[in-house]
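Atoms considered below: every heavy atom in the structure, side chains included; atoms not considered: hydrogens, waters and symmetry mates. On a predicted model such as this, the values are computed, not experimentally measured, just so you know. As the structure lists them, so they are numbered: ligands from 1, and atoms in each ligand from 1.
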Amino acid sequence: MENVVKTYRVQQRGKSIIGVVKSFFTKNYKEINAVNNLSLTINKGELVGYIGVNGAGKSTTIKMLVGILAPTKGKISVLGKDPHKHRREIAKRIGVVFGQRSQLIWDLPPIDTFDLFSKIYEIPKEEYRSRLKYLVEHMGIEDIVHVPVRKLSLGQRMCCEIVASLLHNPEILFLDEPTIGLDIFNKEKVRNFIKKLNEELGTTVILTSHDLSDIENLCRRIIIIDKGSIIFDGTLEDLKTKYGTKSTIKIELIEKSKPVNFDCNDIKVEIDYNNNFLYIRYSKRMYRTTDLINLVIQNLDGIKDISIIDNNLEDIVKEIYLNKHRRD
Ligand SMILES: Nc1ncnc2c1ncn2[C@@H]1O[C@H](COP(=O)(O)OP(=O)(O)OP(=O)(O)O)[C@@H](O)[C@H]1O
């Protein structure tokens, strides 16, 4: 993607009843840039996490990459082609799963959708048979492919959705919220499958998810967008080094009481009590963990255990957004 902009025209409605009535006669439009001058290159075989808050522009980006939407400005090339102009051709080489929208036929078993897709994609019979076997076995859906889709659980359906999107052996797989609403076991199943697919078959995967543990578990590269523009592009390690500057010392106390002897008035840390746990949140740029632990040991009675909790991806991303919006 090169300097891509996607502008939507949104009708402005009045807030009062009179305003609403007026807007039936005179239409006012506002333009919003859902994607704003975005440039991005993703290489073959990468597994990329594309994240951002609601309305950041993730789905709009994916829709442009798969050719559903044309950019307002800028250039997009997917597998060497303009995805909007060569939509049919590109569709044969990519797989798409929108977690909130199903491509399976509701009243029929998944196997019927799979068979239909094999015809649409003109997959040779033998190739289809062996591919289906590989996907069904690796996704562990042997028992459900003959059960009508309407009788399947959300997790079972998602596993079938992913298999359906991979039958034609796509070079790129776009996954938009593939684990939405899934329990921890199904989440893990879907994640393991995506990992395997990327590692064994070299499929390029672009994943959007609000569940940042998906991203943390799967993606080597993370792209964060806000208001249609990229605010971070790098590895998880880069992200943690650059922004993961906060850490927490968790102290378990013998008794459930507020420690009275712990005096750290001069030190800028946040302290929280919860039952017999004391949490000390601090900036790694300002203090060394060992210095703070020494201080705790010297000043605090009744310590049962001490551990360190580093910020997870969710905390880090929250911090990036809060800092950015404070500056804006
Ligand atoms: N068809 C549309 N017409 C007008 N505005 C739209 C349309 N689709 C999206 N938008 C707006 O564009 C912006 C980006 O939306 P988009 O769906 O790409 O965000 P997102 O990051 O995928 O959000 P979410 O996490 O909530 O799915 C939002 O302000 C949204 O309201």
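Under a 4.0 Å heavy-atom criterion, Gly57 is in contact with ligand 1. Heavy-atom separations between Asp176 and ligand 1 are all 4.0 Å or longer.
The shortest contact between atom 23 (O) of ligand 1 and any protein heavy atom is with Gly55 N, 2.8 Å.
Asn198 and Arg220 share a donor-acceptor pair across their side chains, judged by distance under 3.5 Å alone.
For Gln103 (side chain) and Val97 (main-chain N/O), no donor-acceptor pair under 3.5 Å exists by modelled atom type. A distance-only check finds a donor-acceptor pair linking the side chain of Asn276 to the backbone of Leu253 [under 3.5 Å]. Of the possible polar contacts, none joining the Glu127 side chain to the Pro124 backbone as a donor-acceptor pair under 3.5 Å is found.
For a threshold of 3.5 Å applied to N or O pairs, the pair formed by Val10 and ligand 1 contains no separation below that value. Residue contacts with ligand 1: His210 is placed with a nitrogen or oxygen under 3.5 Å of a nitrogen or oxygen of the ligand (distance criterion only). Between Ala34 and ligand 1, no pair of N/O atoms sits closer than 3.5 Å. Checked by distance only, ligand 1 and Ile32 stay at 3.5 Å or farther apart across all their nitrogen or oxygen atoms.
Atom NZ of Lys304 sits in a sparse spot, with 12 or fewer heavy atoms from other residues, nucleotides or ligands closer than 6.0 Å.
Distance remark: protein heavy atom present below 4.0 angstrom from atom 13 (C) of ligand 1.
Nearest residue to atom 15 (O) of ligand 1 from Asn33, Thr60, Asp226 is Thr60 (criterion: closest heavy atom).
The closest side-chain heavy-atom distance from Glu161 to Ser102 is below 4.5 Å.
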